[in-house]
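Naming convention: chains lettered A, B, ... in sequence-line order (proteins, then strands); numbering from 1 in each chain. Quick caveat, the model's predicted, so the values are computed rather than measured.
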Number of protein chains: 2
Amino acid sequence: MIPLSGPFIEEDDINRVIAVLKSRRLSMGPFTEEFEKLIAEHTGARYAVAVNSGTSALHLILKSIDPKGRYMLVPSFTFIASANVALFEDKIPLFVDIDERTFNTSPSNLEDILTRIEKGKYRYNGQKVRIEDVCCFMAVDIFGHPLDWDEVTKIAERFGVTVIEDSCEALGSEYKGKKAGTFGVAGAFAFYPNKQITTGEGGVIVTDNEDIAKLSKSMRNQGRGEGGQWLLHVRMGYNYRIDEMSAALGVSQMEKIDRIIGMRNRVAERYGKLLENVEGVRAPIVEDYVTKMSWFVYVILLDKDVNRDNVVDYMETHGIQVRNYFQPVHLQPFYRKMGHAEGELPVTEDVSKRTLALPFYTDISEEDQKVVVETLKNAIEKVKA
Amino acid sequence: MIPLSGPFIEEDDINRVIAVLKSRRLSMGPFTEEFEKLIAEHTGARYAVAVNSGTSALHLILKSIDPKGRYMLVPSFTFIASANVALFEDKIPLFVDIDERTFNTSPSNLEDILTRIEKGKYRYNGQKVRIEDVCCFMAVDIFGHPLDWDEVTKIAERFGVTVIEDSCEALGSEYKGKKAGTFGVAGAFAFYPNKQITTGEGGVIVTDNEDIAKLSKSMRNQGRGEGGQWLLHVRMGYNYRIDEMSAALGVSQMEKIDRIIGMRNRVAERYGKLLENVEGVRAPIVEDYVTKMSWFVYVILLDKDVNRDNVVDYMETHGIQVRNYFQPVHLQPFYRKMGHAEGELPVTEDVSKRTLALPFYTDISEEDQKVVVETLKNAIEKVKA
DNA sequence: AACGGTCCTGAAAGGGGTATCATCACACCA
DNA sequence: TGGTGTGATGATACCCCTTTCAGGACCGTT
């Protein structure tokens, strides 16, 4: 069986974790700080705050900036947590459609929605959405591919909308020479085992904003006060701490981040070459403004006449794990209950029916990749026939 | 330096974690299930759901039972998360005072408050609290010592109030032969490194209620559907998953839980003997209904004429870590902002000024304990003089 | 061209929660 | 004994959000 994904764990990773266990410091120790330092250095952000998941990172950013306004703009073609954090704070997600090439938020659709809101032409549940009610835009660098940040920033600034960067899938990617995660007021990364680097479960916040860093650090630790005020809880807080084993893993993984990204780039290149001979599929597009691509997953787009679900079945029965993500957030069962339905986001809904993630991990072998593409070719022929 | 606390990590614990790293399953794997099985067996609960913290466990229980009513009863002499989970769900904590002997919620004060509520004599922020607005009682087994569950259950049933058991500090304790965590509709445990057993960061929910178990499992994993519906999110959810390294640690720790509790009991016994010769302190009281005591921390009560803060300073400067917990929740800065103030809970406020937690961990040596008690004796003499 | 249906949109009503105020009782003090 | 201050209590007003309704524009049909 060729799995969809998997972590890249070597001897040095294991040794780091052992060191933690022998140190008897299993939480809030030196590895957390070291991990944060490495992330900050790598991204170029001034501050990094490690937490226990990407979801926690997004939540704490939102809490820290505490933006006024009940609505949050967010794409629907993303992991559900991007939108859920709005619900955590009793805010309402408003969905933006995507661009068919990169699967990222379409700047023109973003601009269109904001224009309609400004003109009083945009409604949610029968209610007019005012521009001052839009608290922020949760901007996602999907599958590792950065947004068109010049465009997005320009639009957001024009309408006075704060941008949070959900760069959970894009650690190491660069837009015009600048690292993903550094474009909004703060950025979030995630380190689930299928990510570029893993900490088991884990995430991190990066920001140049001192207040966000300070508040996030406090709120991840039950709202405790600064300066060793250990027993004082000065604000609302959560337990979003990362444990030391995870942080230690993060340290050893970050020490070889460039090598990992390089290996993943070669995997992507090989897929690209192999897919040139396959009819009915479109390989991922990397736009020119992406000066460095850090692949999270390798998602191809099937032609409209290829039944994706049948391809998935064929691949799975032939021992190859694939996945059809993302299902649009606005069509998830409990978002439907909030009034969303098909037709709201044409590109998102079309694309989400045709995407297919191929097995992709740092140390996948060339042979396995060939098997994947051969099986895919067979699947498409079978499905079309 | 003699630390306040520390985890008890042995060779087998380390080996389990190594096994995880070599398995390439760093999340949602077999150790999580094994850990849950061991917890369920040990407590006698039908279901166990492992999560990433005790706070997450409490939150998911509250979410799962989704109780009607805006107010939650909770002691103030507890860790802040017991009360914070109410705020997570836009509910308002109403504080109950404690018993001076065990530091646990005073059943008579609980009864008194509920009676006043029923008679329309209880107000919060000027507003009358109605009995049907009380969603539940967050019952805490403080420092490992079980509540007087016969009394608490009787009162809660009389007023129709749901009980959630915050047994985060009481893994292994028994009330009249029944394990802590099994008295409310569900119980929560926590495994921070200072706890009886540790997973780094981690927690677990135990319950006999199938719905609570099912909902908790879904909501810890982003609200995903049951039965392998991996891409469907059928309800609101969080990332409260425990990672496999932590779960593996939990497995090896649970395999020796009886030995650990036994060792901690001997530590407590030794402290008890040593403290018999110390004036001005009261050793912890264990009530007769506690058929098995699983010590979390060892908290002594200083006489009113002993200045606790000076004792703390003395001990710390003499290389012995101690702690004055808990600071009452209702007097934490951001609870004060909600209108709470001194005078609300006389016993809680008195006790919290006089408690002192001594260094306490599974493998503390008898020699170190003697040093602790000798230093304490000197501290008290110095302070009184 | 007239009719009817749908969708859009503004406005108003309803409800829940919160804050404020007036009143009353009680206690303390002059 | 009366005045003042404090705290408890009931009532009220207000604010915000949400739902509903009615009018009107638009479009398709007859």
Side-chain angles (χ1 to χ4, degrees), chain A residues 62-63 66-74 83-97 109 112-136 235-236 330 334-346 349, chain B residues 62-63 66-74 83-97 109 111-136 161 236 330-331 334-346 349:
Chain A
L62 191 57
K63 272 299 262 196
D66 190 25
K68 299 294 160 250
R70 316 170 35 235
Y71 299 101
M72 182 184 93
L73 292 164
V74 61
N84 271 354
V85 292
L87 303 179
F88 292 178
E89 293 305 312
D90 290 323
K91 297 186 188 298
I92 296 163
L94 301 178
F95 293 107
V96 190
D97 211 345
N109 189 242
D112 180 51
I113 288 177
L114 282 167
T115 305
R116 275 154 62 206
I117 290 173
E118 197 171 49
K119 290 187 177 161
K121 300 276 182 203
Y122 191 100
R123 288 206 157 215
Y124 175 81
N125 267 5
Q127 216 56 31
K128 196 187 287 180
V129 175
R130 289 171 309 167
I131 192 72
E132 60 268 30
D133 289 337
V134 177
C135 79
C136 54
R235 57 180 70 82
M236 179 70 161
H330 74 288
F334 84 101
Y335 274 88
R336 282 178 189 267
K337 284 180 200 150
M338 292 163 62
H340 299 284
E342 270 95 358
E344 199 177 321
L345 301 165
E349 290 165 25
Chain B
L62 191 58
K63 272 299 260 195
D66 190 25
K68 301 291 160 255
R70 320 170 32 234
Y71 300 100
M72 183 183 93
L73 292 164
V74 62
N84 271 353
V85 292
L87 303 178
F88 292 179
E89 294 305 312
D90 290 321
K91 296 186 190 297
I92 296 162
L94 302 178
F95 294 107
V96 189
D97 211 344
N109 189 241
E111 185 174 26
D112 180 51
I113 287 176
L114 281 166
T115 305
R116 274 155 60 207
I117 291 173
E118 197 171 49
K119 289 188 177 160
K121 301 278 184 199
Y122 191 99
R123 289 201 157 219
Y124 174 79
N125 266 6
Q127 220 55 31
K128 199 185 286 180
V129 175
R130 290 171 309 167
I131 193 74
E132 60 267 31
D133 289 337
V134 177
C135 78
C136 55
V161 171
M236 179 68 162
H330 74 287
L331 298 182
F334 84 102
Y335 275 86
R336 283 178 189 266
K337 284 182 201 149
M338 293 164 62
H340 298 284
E342 269 96 358
E344 200 177 323
L345 302 165
E349 290 165 25

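Between A/Arg336 and A/Glu342, at least one side-chain N (NZ, or NE/NH1/NH2) sits under 4.0 Å from a carboxylate O, which counts as a salt bridge. Between A/Lys91 and A/Glu89 no salt bridge is recorded (no basic side-chain N to carboxylate O distance below 4.0 Å).
In this structure the side chain of B/Met338 reaches within 4.5 angstrom of the side chain of B/Leu87, judged on heavy atoms.
To the nearest angstrom, C1' of C/dA19 lies 13 Å from OH of B/Tyr124. Rounded to an integer number of Å, the gap from B/Lys119 NZ to D/dT9 P is 12 Å. For the pair B/Arg116 CZ and D/dA8 C1', the interatomic distance rounds to 12 Å; values are reported in whole Å. Taking atom CZ of B/Arg130 as the reference point, atom P of D/dG10 lies 14 Å away to the nearest angstrom. As a whole-Å value, the separation of B/Asp90 CG from C/dG17 P is 11 Å. Rounded to an integer number of Å, the gap from B/Lys68 NZ to C/dG16 P is 14 Å.
Separating the CE atom in A/Met72 from the CD1 atom in A/Ile92 is a distance of 11.5 Å, to the nearest 0.5 Å.
Side-chain atoms of B/Asn109 come within 3.5 Å of backbone N or O of B/Asp97 as a donor-acceptor pair. A donor-acceptor distance shorter than 3.5 angstrom exists from the side chain of B/Glu349 to the backbone of B/Leu345, with no hydrogens or angles considered.
Residue A/Lys128 has a polar side-chain atom (N or O) positioned under 4.0 Å from OP1 or OP2 of C/dG10.
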Protein-to-nucleotide contact annotation, 5' to 3' order, nucleotides 11-21 of chain D [B base; S sugar-phosphate only; - none; under 4.0 Å, heavy atom]: ------SBB--

